Amino acid sequence: MTTISSMDVSHILDQLNKPQREAVSAQSQPILVLAGAGSGKTRVLVHRIAWLIQVENISPFAILSVTFTNKAASEMRGRIEQLLGSPIGGMWVGTFHGLSHRLLRQHWQEANLIQSFQILDSDDQLRMIKRVTQSLQLDEKEWPSKDSRWYINNCKDEGIRPQSIEDRGDSTTQQLRTIYATYESACQRAGVIDFAEMLLRSLELLRDNPNLLQHYQQRFRHVLIDEFQDTNTLQYAWIRLLCGDQSPPFAVGDDDQSIYGWRGAKIENIQHFTHHFPQTNTIKLEQNYRSTGNILKAANAVIANNEGRLGKNLWTDQGDGDLIHLYTAFNELDEARYITSRIEQWVNESGQYQEIAILYRSNAQSRVFESTLNEQAIPYRVYGGLRFFERAEIKDALSYLRLTVNRHDDPSFDRVINQPTRGIGNKTVDIIRHYARSNSLSLWDASKALVDANSFTARAGNAVFGFLTLINHIANTIIDLSLEDQVEKVIAASKLKEHYLKKDKGDLGQARVDNLNELISAAQGFHYRPDDEHADMDFLTAFLSHAALEAGEGQAKAGNNCVQLMTLHAAKGLEFPLVFLTGMEDGLFPSQRTIDEKSKLEEERRLCYVGITRAEKQLVISYTEQRRLYGSISYNLPSRFLDEIPSSVVHEIRPKTNVWQRNVQTPKTKLKSTGKINETGIKIGQQVSHGKFGEGVVTDVEGAGEHARAQVNFKFSGSKWLVLNYANLKKL
DNA sequence: CCCAAGGTATTTTTT
DNA sequence: ATACCTTGGG
């Protein structure tokens with residue numbers, strides 16, 4: 001073996017700081033890298049892999065690296081290839097779902113799937129559950145499909161199958177279990193799996209096939225996990241199964257950035273990691289290369305209020321930088337206008353639009369920013385929204401394609417049997433569904449049987465027969481075509497373009513046609529690489545899986561150099577020179593729904609920490625004194641998180657004064673009651689304090705004299721009606 | 001089968 | 001405010 005020292009490995013370690021080096025070159029044992037925001041987490045992962053290959057002579061075949069998003073996976077792949085100077089080879093780099101999918105494609109028989117199994121996205125899943133609920137003759141009001149979906153996905157994320165749900169005589173649980181079980185068999189019959197199923201099925205595949213398990217355990221001696229704090233129970237179990245006793249995991253994450261508890265992520269996974277793996281070497285990355293000292297001081301101070309942290313303190317050697325600016329806005333319009341003026345100022349001082357991000361807690365807040373930016377002709381881009389492969393017209397076309405692959409794909413059948421409308425109404429479809437259910441047939445077979453038996457009215461029968469014939473015809477004609485020709489033929493034969501042009505007049509219809517054309521281009525640009533996640537699949541199946549697994553970009557790129565608008569969640573992992581952290585009001589952020597539960601409030605605080613640490617040079621925080629939300633006006637106190645930021649790092653742009661005296665263009669707000677002023681001078685919007693309940697804001701006043709009452713929204717005690725005579729409120 | 005009216009819910013999101 | 005979805009009538 002060539003001596004390690006003879007090989008020049010300086011490029012792997014040279015640019016790293018001490019703890020980064022320690023992590024990259026650590027001995028083989030469980031490693032937990034606690035990587036603070038902006039501390040070079042991806043760099044450590046990438047360099048670790050290079051170290052394994054180039055210094056420890058580990059074969060790329062023995063390495064598996066898993067992330068959450070496709071974006072993270074492709075970034076990692078790119079950076080590894082760049083550092084190694086060669087393709088990734090036999091290494092497995094992908095998302096939990098991508099890697100699970102790969103396992104299932106390779107071992108579809110052992111996993112009890114059909115070879116051409118397809119993937120349900122969460123919209124498909126919901127439709128499927130709706131159908132199941134109907135078939136069980138349940139009232140959808142009483143058993144909302146969204147709730148059932150939540151229940152089913154939760155079970156799967158916890159590794160629970162319907163059979164193992166305990167029967168405690170609780171009728172709700174029993175009913176949900178029935179829905180779950182029925183849904184599961186419907187999926188099985190149709191040859192489709194949902195996202196959670198993908199993970200659970202691949203876990204069971206390994207667990208129940210000792211040979212396979214042994215094979216993969218022996219192969220993957222090095223398992224690396226990114227964003228470990230976001231793993232759920234199932235993902236963690238998957239990792240532990242794969243690692244076995246022989247392959248210590250290399251986990252990178254940050255407990256302070258765990259913001260997905262609400263969708264099943266278990267912060268405990270990272271908190272108890274050293275408990276599960278007693279030999280763990282924990283390495284903290286605390287030097288931050290992103291933000292100024294003042295921004296880090298604010299972030300550290302806020303997050304310090306959480307309990308049970310693994311504990312980190314970010315620092316920088318780059319100096320304090322500017323103070324954080326805090327703007328108190330009258331209302332959301334004032335907030336948006338101020339931010340707009342700050343954006344103009346930034347650009348006038350030779351900054352770029354793309355260096356700026358406006359962050360908010362909930363999507364609904366983007367509207368005002370959009371219209372104000374529009375007015376000022378400032379280019380912007382809103383993150384989120386429908387992704388390409390989630391658009392209705394695209395899913396229609398994909399459903400036709402899926403039916404050519406597998407006629408028993410019920411979700412696809414259901415979707416396009418009358419799309420475009422071909423005279424098959426609800427009544428007819430119901431008959432088909434009913435027949436399918438009572439005879440355990442797919443919708444396709446049921447339709448065929450009913451047509452053969454002449455069970456429909458002449459008109460309906462012809463229409464259904466026409467549909468079956470169309471699908472068969474399409475399938476036969478595209479069989480030997482190239483992928484893009486297949487897609488093109490399907491779109492043409494289905495007449496989807498004509499349908500949408502007729503149905504959605506104007507821009508919308510044209511946009512849908514454009515999207516369908518785009519789908520053809522996407523097919524053209526799709527390349528099958530035998531070494532990637534789509535091993536063992538034909539082109540079409542690979543393309544369909546790709547569409548489900550990687551839904552594509554949200555909203556078209558509206559120019560390059562533009563201001564970025566997104567939720568705090570969407571901002572995780574990103575960084576910008578100038579960041580606006582908006583809507584910092586109690587009840588909005590932290591969200592009202594979180595404030596009485598400590599663990600939820602702490603997650604909000606972590607979200608705040610994420611928001612603050614997105615800023616490189618300048619952070620501008622804003623909140624409003626009144627805000628229009630859901631049609632009515634709310635009066636909120638400044639976010640409690642603001643109190644946690646040391647005032648020494650904050651510069652207040654406009655000192656708080658009473659809104660009502662300032663008299664900024666008062667919009668036609670109809671006050672909820674007539675009570676404007678009463679003997680005590682308590683008015684709506686007044687900040688008050690109460691002996692027992694503490695600080696709050698008056699949100700409504702009614703009555704007069706000794707019966708005068710005020711509704712006060714208290715910071716810690718919620719909203720209460722108080723009789724002014726007794727309440728003894730102090731104006732603040 | 002299509003359209004209009006009315007009822008309802010409304011944090012955060014990836015795969 | 002509003003968007004989305006179900007429902008009822010033409």
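FYI, side chains are in, hydrogens and waters are out, and symmetry mates aren't considered; it's all heavy atoms of this structure. Predicted model, so just to flag it, every value in this text is computed and none were measured. Just so it is clear: chains get the letters A, B, ... in the order the sequence lines come, proteins before strands, and each one is counted from 1.
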Asker: Roughly, in whole Å, what's the span from CD in E227(A) to C1' in dT15(B)?
Answerer: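 So the two atoms are 15 Å apart, to the nearest Å.
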
Asker: Nearest 0.5 Å, what's the CD1-CD distance between I633(A) and E625(A)?
Answerer: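 Here the rounded value is 13.0 Å.
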
Asker: For dT12(B) and R361(A) - does any side-chain N or O of the residue sit under 4.0 Å from the phosphate oxygens OP1/OP2?
Answerer: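 Result: no.
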
Asker: List in chain and number order the residues that pass side chain to side chain contact (heavy atoms under 4.5 Å, CB included) with S135(A), two or more places apart in sequence or in another chain; answer none if no residue qualifies.
Answerer: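 Side chain to side chain contact (heavy atoms under 4.5 Å, CB included) check on S135(A) returns R437(A).
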
Asker: In whole angstrom, what separates H97(A)'s NE2 from dT15(B)'s C1'?
Answerer: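 One finds 4 Å between C1' of dT15(B) and NE2 of H97(A), rounded.
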
Asker: Considering every strand and a 4.0 Å limit on heavy-atom distances, what is the contact class for S591(A): base, sugar-phosphate, or nothing?
Answerer: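 Base contact - S591(A) has a heavy atom under 4.0 Å of at least one base atom.
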
Asker: OP1, OP2 of dT14(B) versus side-chain N and O of T95(A): anything below 4.0 Å?
Answerer: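 False: T95(A) side-chain N/O out of range (4.0 Å or more) of dT14(B) OP1/OP2.
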
Asker: Counting only side-chain N and O atoms of N363(A), is one of them less than 4.0 Å from OP1 or OP2 of dT11(B)?
Answerer: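 No, N363(A) has no side-chain N/O under 4.0 Å of OP1/OP2 on dT11(B).
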
Asker: What is the distance, rounded to the nearest whole Å, between atom CZ of R263(A) and atom C1' of dT12(B)?
Answerer: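 Between C1' of dT12(B) and CZ of R263(A): 9 Å.
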
Asker: More than 12 non-hydrogen atoms from neighbouring residues, nucleotides or ligands closer than 6.0 Å to CZ on R459(A), yes or no?
Answerer: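 Result for CZ/R459(A): open.
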
Asker: With a cut-off of less than 4.0 Å, is there a side-chain N or O of N418(A) near OP1 or OP2 of dC1(B)?
Answerer: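 N418(A) to dC1(B) OP1/OP2: side-chain N or O found under 4.0 Å.
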
Asker: Stacking check: are the rings of W262(A) and dT12(B) less than 5.5 Å apart at their centres and under 30 degrees in tilt?
Answerer: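 So yes, this residue stacks on that base, both cut-offs being met.
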
Asker: Please work out which of the three classes, parallel, tilted or perpendicular, describes the rings of F220(A) and Y216(A), given edges at 30° and 60°.
Answerer: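 Parallel.
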
Asker: Sequence neighbours left out, what pairs pass ring pair (Phe, Tyr, Trp, His ring centres under 6.0 Å) with at least one residue falling in residues 580-615 of chain A?
Answerer: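 Sorted pair list: F589(A)-F641(A).
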
Asker: Which listed nucleotide (dC1(B), dT12(B), dT15(B)) is nearest to the side chain of L549(A)?
Answerer: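 Nearest to the side chain of L549(A) among the choices is dT15(B).
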
Asker: Which nucleotide in the set dT13(B), dT15(B), dT11(B) lies at the smallest distance from any side-chain heavy atom of Y630(A)?
Answerer: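 Comparing dT13(B), dT15(B), dT11(B) against the side chain of Y630(A), the answer is dT11(B).
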
Asker: Has T421(A) got a side-chain N or O lying under 4.0 Å from the OP1 or OP2 atom of dC2(B)?
Answerer: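 Checking dC2(B) against T421(A), a side-chain N or O does come within under 4.0 Å of OP1 or OP2.
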
Asker: Do E335(A) and T624(A) have side-chain N/O donor and acceptor atoms under 3.5 Å apart?
Answerer: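 No, no side-chain donor-acceptor pair sits under 3.5 Å.
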
Asker: Would you mind building the protein contact string for nucleotides 2-10 of chain C? One character per nucleotide, 5' to 3', B for base within reach (heavy atoms under 4.0 Å), S for sugar-phosphate only, - for untouched.
Answerer: -S--S----

Asker: Rounded off to whole Å, could you give me the OH-to-P distance for the Y360(A) and dT12(B) pair?
Answerer: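 In whole Å, dT12(B) P lies 10 Å from Y360(A) OH.
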
Asker: Counting the atoms with a prime plus P, OP1 and OP2 as sugar-phosphate, which does L120(A) contact under 4.0 Å by heavy atoms, base, sugar-phosphate, or nothing?
Answerer: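 Nothing: the residue L120(A), judged by heavy atoms under 4.0 Å, touches no strand.
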
Asker: What orientation do F96(A) and W238(A) show, parallel under 30°, tilted 30 to 60°, or perpendicular over 60°?
Answerer: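 Judged by the thresholds at 30° and 60°, the geometry between F96(A) and W238(A) is perpendicular.
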
Asker: Take atom NZ of K146(A) and atom P of dT11(B), then tell me their distance rounded to the nearest Å.
Answerer: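 Going from NZ in K146(A) over to P in dT11(B) covers 11 Å.
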
